[in-house]
Amino acid sequence: MNLQSFKKIHKSFSDRLDIYNPKIDQRFIDEAALYSSSLHTFVKGAWPIIEGGREFVDGWHIQAICEHLEAVYKGQIKMLLINEPPRCMKSTAFPVAMPAWIWTREPSFQFLFLSYVARLTIRDSVKCRRIINSKWYQQRWGHTFQLLGDVNSKIRFDNSKTGYRIATSIGGAGTGEGGDIIGIDDPNDAGETESDVIRESTNEWCDHVLSTRLNNPKTGRIVIVQQRLHSQDYSGHILAKQIPDLVHLCLPMEFERSRRCVTVPLASTNGKPWKDPRINDGDLLWPERFGHEEVENLKRSMNSEYVIAGQLQQRPSPASGGILKKEWFQWWKEPSPPQCEFVLQSWDTALSTKADACYSCCTTWGLFKDKYDVSQVILLDTWHGRVEYPDLRRMATRLARNYHDTHIDHPTPEDYILNPDMILIEAKANGLSLIQDLNRAGLIVNRFDPVKHGGGDKTVRARLMSHVLEAGRIWVPAKPPHYTSLRYYADVFVNSCASFPNDVDSRDYVDSMSQAIIKLMSSGLISNPDDAELSVRYNRWEGERFY
């Protein structure tokens, strides 16, 4: 064979190789390495495919979200919870871009994504697949894997390296499969979070999926992204468990220094934990897109303190409080409480030690007169705990002897007596047993009928007594010597009242206070200051009419 014939054969062979193994432009190789090295860079590169002609508006929070997701992929974070306002890129970065980005590095990864409705997970699945099928993606990573033709739908698509992405809904089909990463994007429906039954059912179902569907429980990762809707939405449910591996990235629309988010060291933090970089209260999350005017428009459209607090601030109760405002409580700035004419102890009882059970709660109140001889009420102490009935009874008898004896494991000496003048217990199933037992023990206990006072509804009872609080008649003790903060038990109590009724754990504190104030009102021991003014006006009118 001569040299010319050999060259022709070689060229023909090379041409066939180029067809099946095309050469990759060095520019694409360099760009692929750059995009694969950073999820944030990948999101910017893929943006025209995801959102068409819309301009990409960057923000520090996008970098933060991407870095936390990268730490999930690397196994540095096993469970990540992201709380962020709507329309701030959480879905674009996670269920849309992250699977496509990970497959540029490790195409064997398997994903299971869920949301409260299939429509949302399918939407994100389509966007993710659109990235992978795009010319931009294929030019850079098309040689590493291909999507399989026989498993390639909106709900599920597999690749040639055993990787897959499955989209389903809460309670939907497809959860017989597992994943190396399980993602839940907005698990609760905003229109159904007020339903205890639906909310608890969703929380239990998600718990079951997360606990059973990781391919490898030791190496699997979980990511939950959500705008807060309720104190007991799935985010609140997860946070209440105090899971050791959980990392919580909380990004409110307006910065609150008292709630600054601090997480874990990331690639950009030089070994220090990441923290929200904002400085001043009110600094915006994404001013390049949502400036002050846009945020105010959002607030007006939401038209609810609770919705604003939840969806924008990721704190599902207004900072100042909802029905019961923080500023309505008066601070007692003396080392000792005032001389009280009457002491009332109020109980809201529950019987269980389960982690998700209701608390039993006792608040003790002192009635006193101010310098104008007007009746006022001060919080003297509180007790709050999950206990079975024997411990509940023991605690009740201890507090009946000394209302400061609140440390369940460290009782005060028996000769130290500060007993209430009246013990008030809600007359419901478990409360009735306690009333009977305490009566047998020689204690005089008054029953509070929750149906008679408020139709059995805790929120109605809170509203019935809220005017007394608003009038500045209820006091809580400040901490000496500077009185710039409340005593610990008073601070917990006031914050619980402010989060009522959205925070389930706050209801026991509020119900204990409500029944105490309603009892004092019905006994004529305290009234609204407006009543005296109305009485004067009424009597004057009667005098003018008859005389």
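Position 1 is the first residue of the sequence; numbering continues from there.
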Say whether, by atom type as modelled, one donor and one acceptor occur between the side chain of [X] and the main chain of [Y] under 3.5 angstrom.
{"X": "His61", "Y": "Cys88", "value": "yes"}
{"X": "Asn159", "Y": "Pro107", "value": "yes"}
{"X": "Ser201", "Y": "Val197", "value": "no"}
{"X": "Asp180", "Y": "Gln110", "value": "yes"}
{"X": "Thr212", "Y": "His208", "value": "yes"}
{"X": "Thr144", "Y": "Trp141", "value": "yes"}
{"X": "Gln146", "Y": "Gly142", "value": "yes"}
{"X": "Ser108", "Y": "Lys161", "value": "no"}
{"X": "Ser514", "Y": "Val510", "value": "yes"}
{"X": "Asn133", "Y": "Arg130", "value": "no"}

Any chance [atom1] of [X] has more than 12 other-residue heavy atoms, nucleotides or ligands included, within less than 6.0 Å?
{"X": "Leu298", "atom1": "CG", "answer": "yes"}
{"X": "Glu293", "atom1": "CD", "answer": "no"}
{"X": "Arg260", "atom1": "CZ", "answer": "yes"}
{"X": "Gln242", "atom1": "CD", "answer": "no"}
{"X": "Arg463", "atom1": "CZ", "answer": "no"}

Is any side-chain heavy atom of [X] closer than 4.5 Å to a side-chain heavy atom of [Y]?
{"X": "Leu251", "Y": "Ile65", "result": "yes"}
{"X": "Pro252", "Y": "Leu312", "result": "no"}
{"X": "Lys326", "Y": "Cys497", "result": "no"}
{"X": "Val43", "Y": "Trp101", "result": "no"}
{"X": "Pro99", "Y": "Phe94", "result": "no"}
{"X": "Tyr234", "Y": "Ile184", "result": "yes"}
{"X": "Ile102", "Y": "Phe111", "result": "yes"}
{"X": "Gln227", "Y": "Pro85", "result": "no"}

Pairwise distance [atom1]([X]) to [atom2]([Y]) - rounded to 0.5 angstrom:
{"X": "Arg27", "Y": "Ile29", "atom1": "CZ", "atom2": "CD1", "answer": "11.5 Å"}
{"X": "Ile222", "Y": "Cys206", "atom1": "CD1", "atom2": "SG", "answer": "10.5 Å"}
{"X": "Leu120", "Y": "Ser115", "atom1": "CG", "atom2": "OG", "answer": "4.5 Å"}
{"X": "Met89", "Y": "Ile82", "atom1": "CE", "atom2": "CD1", "answer": "12.0 Å"}
{"X": "Asp158", "Y": "Leu147", "atom1": "CG", "atom2": "CG", "answer": "9.0 Å"}

(message) Just to verify, what does Asp283 make a side chain to side chain contact (heavy atoms under 4.5 Å, CB included) with, not counting sequence neighbours?
(response)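 Result, side chain to side chain contact (heavy atoms under 4.5 Å, CB included) vs Asp283: Phe255, Arg278, Ile279, Asn280.
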[X] and [Y]: side chain donor to acceptor below 3.5 Å:
{"X": "Glu67", "Y": "Ser268", "result": "yes"}
{"X": "Ser235", "Y": "Gln226", "result": "yes"}
{"X": "Asp185", "Y": "Tyr116", "result": "no"}
{"X": "His248", "Y": "Thr263", "result": "no"}
{"X": "Asp233", "Y": "Asn188", "result": "no"}

Would you please indicate yes or no on a ring centroid separation below 6.0 angstrom for [Y] and [X]?
{"X": "Phe500", "Y": "Tyr509", "answer": "no"}
{"X": "Phe109", "Y": "Trp103", "answer": "no"}
{"X": "Tyr35", "Y": "Trp136", "answer": "yes"}

(request) Under the salt bridge (Lys or Arg N to Asp or Glu O under 4.0 Å) rule, what do Arg507 and Asp348 come out as? Steps first, then yes or no, please. (result) CA-CA 9 Å; Arg507 297 177 186 177; Asp348 180 67; over 6 Å; no
Name every donor-acceptor pair, under 3.5 Å, that has one atom in a side chain of residues 72-81 and the other anywhere in the protein, sequence neighbours excluded.
from	atom 1	to	atom 2	distance (Å)
Tyr73	OH	Glu106	OE1	3.1
Lys78	NZ	Pro217	O	3.4
Lys78	NZ	Lys218	O	2.7

Shortest non-hydrogen contact from [X] to [Y]?
{"X": "Thr104", "Y": "Phe42", "answer": "CG2-CE1, 4.1 Å"}
{"X": "Arg87", "Y": "Trp286", "answer": "O-CZ3, 3.5 Å"}
{"X": "Ala100", "Y": "Ile131", "answer": "CB-CG2, 4.1 Å"}
{"X": "Ile170", "Y": "Pro187", "answer": "CG1-O, 3.8 Å"}

(request) May I have the step-by-step check of salt bridge (Lys or Arg N to Asp or Glu O under 4.0 Å) for Glu55 and Arg289, ending in yes or no? (result) CA-CA 11 Å; Glu55 179 188 4; Arg289 180 175 170 84; over 6 Å; no
Salt bridge flag under 4.0 Å for residues [X] and [Y]:
{"X": "Glu51", "Y": "Lys127", "result": "yes"}
{"X": "Lys299", "Y": "Glu294", "result": "no"}
{"X": "Glu31", "Y": "Arg140", "result": "yes"}

(request) Please determine which of Gln314, Arg315, Gln313 meets the side chain to side chain contact (heavy atoms under 4.5 Å, CB included) test together with Cys250. (result)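 With Cys250 as partner, side chain to side chain contact (heavy atoms under 4.5 Å, CB included) holds for just one option, Gln314.
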(request) In sequence, state the C-alpha distance, the side-chain angles, and the governing distance for Asn83 and Lys90, and then conclude on side chain to side chain donor-acceptor pair (under 3.5 Å). (result) CA-CA 9 Å; Asn83 292 138; Lys90 60 182 174 59; over 6 Å; no
(request) List the steps and the verdict of side chain to side chain donor-acceptor pair (under 3.5 Å) for Ser360 and Trp383. (result) CA-CA 8 Å; Ser360 290; Trp383 176 81; over 6 Å; no
(message) Please determine whether side chain to side chain donor-acceptor pair (under 3.5 Å) holds for the pair Asn152 and Arg129, giving the CA-CA distance in whole Å, both sets of side-chain angles, and the decisive distance to 0.1 Å.
(response) CA-CA 9 Å; Asn152 190 349; Arg129 188 178 60 170; 3.0 Å; yes
(request) List in chain and number order the residues that pass ring-ring contact (aromatic ring centres under 6.0 Å, His included) with Trp47, two or more places apart in sequence or in another chain; answer none if no residue qualifies. (result)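 Here the qualifying residues are Phe56.
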(message) salt bridge (Lys or Arg N to Asp or Glu O under 4.0 Å), that's the test. Do Asp207 and Lys241 meet it? Break it down for me.
(response) CA-CA 11 Å; Asp207 280 350; Lys241 291 184 174 184; 2.9 Å; yes
(message) For Arg461 and Glu426: C-alpha separation, side-chain torsions, deciding distance, then whether salt bridge (Lys or Arg N to Asp or Glu O under 4.0 Å) applies.
(response) CA-CA 12 Å; Arg461 291 199 292 276; Glu426 187 174 353; 3.7 Å; yes
